[in-house]
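Here's the structure we're looking at; comments come further down.
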There are 2 protein chains.
Amino acid sequence: MVTKNGDVKKMFRKWINNLSECELFKKITPEELNLVFSCLKPKVSVYEKNELVAVAGEKFTGTGIVMTGEVVVTKENAAGNRVIMAVNGSGEMFGEMFAFSGEGVWPVSVVARTACTVMFLPAGKIICNCERLCASHRQLITNMLEIVSGKALMLHRKLEYLTIKSLRGKISTFLLEQYKRAGSATFMMSMKRNELADFLNVSRPALSREMCRMRDEGVIEFHRESIKIKELDALKSMAE
Amino acid sequence: MVTKNGDVKKMFRKWINNLSECELFKKITPEELNLVFSCLKPKVSVYEKNELVAVAGEKFTGTGIVMTGEVVVTKENAAGNRVIMAVNGSGEMFGEMFAFSGEGVWPVSVVARTACTVMFLPAGKIICNCERLCASHRQLITNMLEIVSGKALMLHRKLEYLTIKSLRGKISTFLLEQYKRAGSATFMMSMKRNELADFLNVSRPALSREMCRMRDEGVIEFHRESIKIKELDALKSMAE
DNA sequence: CGTTTTTGGTAACCATGGTTACCGTATTAA
DNA sequence: TTAATACGGTAACCATGGTTACCAAAAACG
């Protein structure tokens, strides 16, 4: 790993346009970003393929933002196996949930999937009082809060599905949510059977079987991607 | 509902000592809190028992902090039934995840379980630039980030358990986590069977049955609250 | 245009875990 | 101390959903 503190300015000039597409920096113009960075003084590091970007158990160094290349976030589960949590590409963040949670160490390991460049924002710096608390700095904090709350909401939503015990309940809840979003009884599924089974944490044949049962009972009707809810009330009574 | 903007100062003087025990205001002294409140200008409202504090679908008014009494956070699920999400007492917050997530409306309803007093902090105000961006204001933002990230982490942890399909896997994972925390093969359970069953989202008799099986196989040993891991490797191979 | 791959429906078999019900032992309250 | 209640182990029965394997239709690819 090569730390390029000296080249930071040059690095930013090159990446500043891409970075404003990154969620953390949204609503901040490239010009303002320069100011923000002079406040934050982030560290940029370059990694070779398969190099360790962060090691579980070691001191937390700050939220990471992938500038180029890809990283893999892995977690060692209780059985001692490494499982992949996420693959993050250019512009994506990792460790955002740990930055402010009071944990002092990385609970996950991050490995360079390809050669990559990563920027680290120390948590303390984000909320520090720079002399001129610039508007953009405030925007940064807002963005951070938005990202973390958004993540929490997403997890919450996912949890709601997994807490439902019966497969029929999961399917009904999912369909009703889609129905509400679409605003009509006929709509397109946003996922393939495969993906939906994954999302609901059930097996694909079981999902298929149950959906067909519901079709045979006249509650729904479907062909491939398209779905039609025929008995809304029946469906509602199944969601639970 | 009676809004008492005029009495805000009096209200605070009375509650300021309790509030500094509230997570959002931790590390802020009562004196500093006065300053912070003069920045934030929160609204305080008084509700009678069973009165609606927030209505799902209506405009989001800000994070709520219960000053006295208790509120119930309820959500209408897909089937149209109201389910209780949380009961919040004095010093506890609600709506903290929605404040910054960009949702414009309350996704839940909040009802006064007893007569109660609730303080609302508008999301925008928390991150606003008051003239003298006081140290305490920064602390407030830090606390907010900490609370929301903590919530996200907790949800994440819960999700990990629910994603495990086999009951044995859930139990093993849970025990290994407890073991790691305790640092010894013998430790006390932090939950009763009932609560653990709830946490793992399984039925109590099934949990009991499986734990006894594991005991009969010689992997663990237990009596009521106390647990001893006898075959660590076996347990690890079951967690998954 | 034919071939390969992906997608999804179907069926049989069986393991897992929910349900209910009962009972003994702690724990708490009166 | 006794009564009431909470807690947890146990067993029988059975519904749900996982597994595997196969097939047909659709889509992607050469």
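Every chain is numbered from 1, with letters handed out A, B, ... down the list of sequences. No hydrogens, no waters, no symmetry mates; every other heavy atom, side chains included, goes into these values.
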task: Would you please say whether a donor-acceptor pair under 3.5 Å links the side chains of A:Thr117 and A:Thr68?
output: yes
message: Can you list everything that forms a ring pair (Phe, Tyr, Trp, His ring centres under 6.0 Å) with A:Phe98? Sequence neighbours excluded, please.
response: none
statement: Here the distance between atom P of D:dG17 and atom CE of A:Met211, to the nearest Å, is 15 Å
field: Integer-rounded Å distance: C:dG17 P and B:Leu207 CG
entry: 11 Å
task: Identify which nucleotide among D:dT19, D:dG18, D:dG9 has an atom closest to any side-chain atom of A:Pro205, counting heavy atoms from C-beta outward.
output: D:dT19
- request: Quickly work out the A:Arg215 CZ to C:dG8 C1' distance and round it to whole Å.
  value: 11 Å
query: Within this structure, what is the CZ-to-C1' distance between B:Arg209 and D:dC14, rounded to whole angstrom?
result: 11 Å
- request: Inspect the contact between B:Glu210 and B:Lys170 and indicate whether a charged nitrogen and a carboxylate oxygen are less than 4.0 angstrom apart.
  value: no
field: Side-chain N,O (A:Arg213) to OP1/OP2 (D:dT16) below 4.0 Å
entry: no
- request: Would you mind telling me which residue lines up with the more 5' stretch of DNA chain D, A:Arg224 or B:Lys165, judged by nearest nucleotide?
  value: B:Lys165
message: Less than 4.5 Å apart, side chain to side chain, heavy atoms only: is that true for B:Glu58 and B:Val105?
response: no
- prompt: Tell me: CZ of B:Phe222 to C1' of C:dA26, nearest whole Å?
  reply: 16 Å
Length of the line joining A:Glu225:CD and C:dT7:P, which is rounded to integer Å: 10 Å
message: I'd like to know if A:Arg168 reaches the base of D:dG17 with its side chain such that a donor and an acceptor end up less than 3.5 angstrom apart.
response: no
field: Centroid-centroid under 6.0 Å between B:Tyr161 and B:Phe199 rings
entry: yes
message: Distance criterion of 3.5 Å, no angle test: do you see the side chain of B:Arg193 paired donor-to-acceptor with the base of D:dG9?
response: no
Side-chain-base donor-acceptor pair under 3.5 Å for A:Arg204 and C:dG9: yes
message: What is the separation between atom CD1 on B:Ile171 and atom C1' on D:dG8, rounded to the nearest whole Å?
response: 14 Å
field: Selected nucleotide, minimal atom distance to B:Ser203 side chain, candidates D:dG8, D:dG18, C:dG18
entry: C:dG18
- request: Please state how far atom CG in B:Asn194 lies from atom P in D:dG8, giving the value in whole angstrom units.
  value: 7 Å
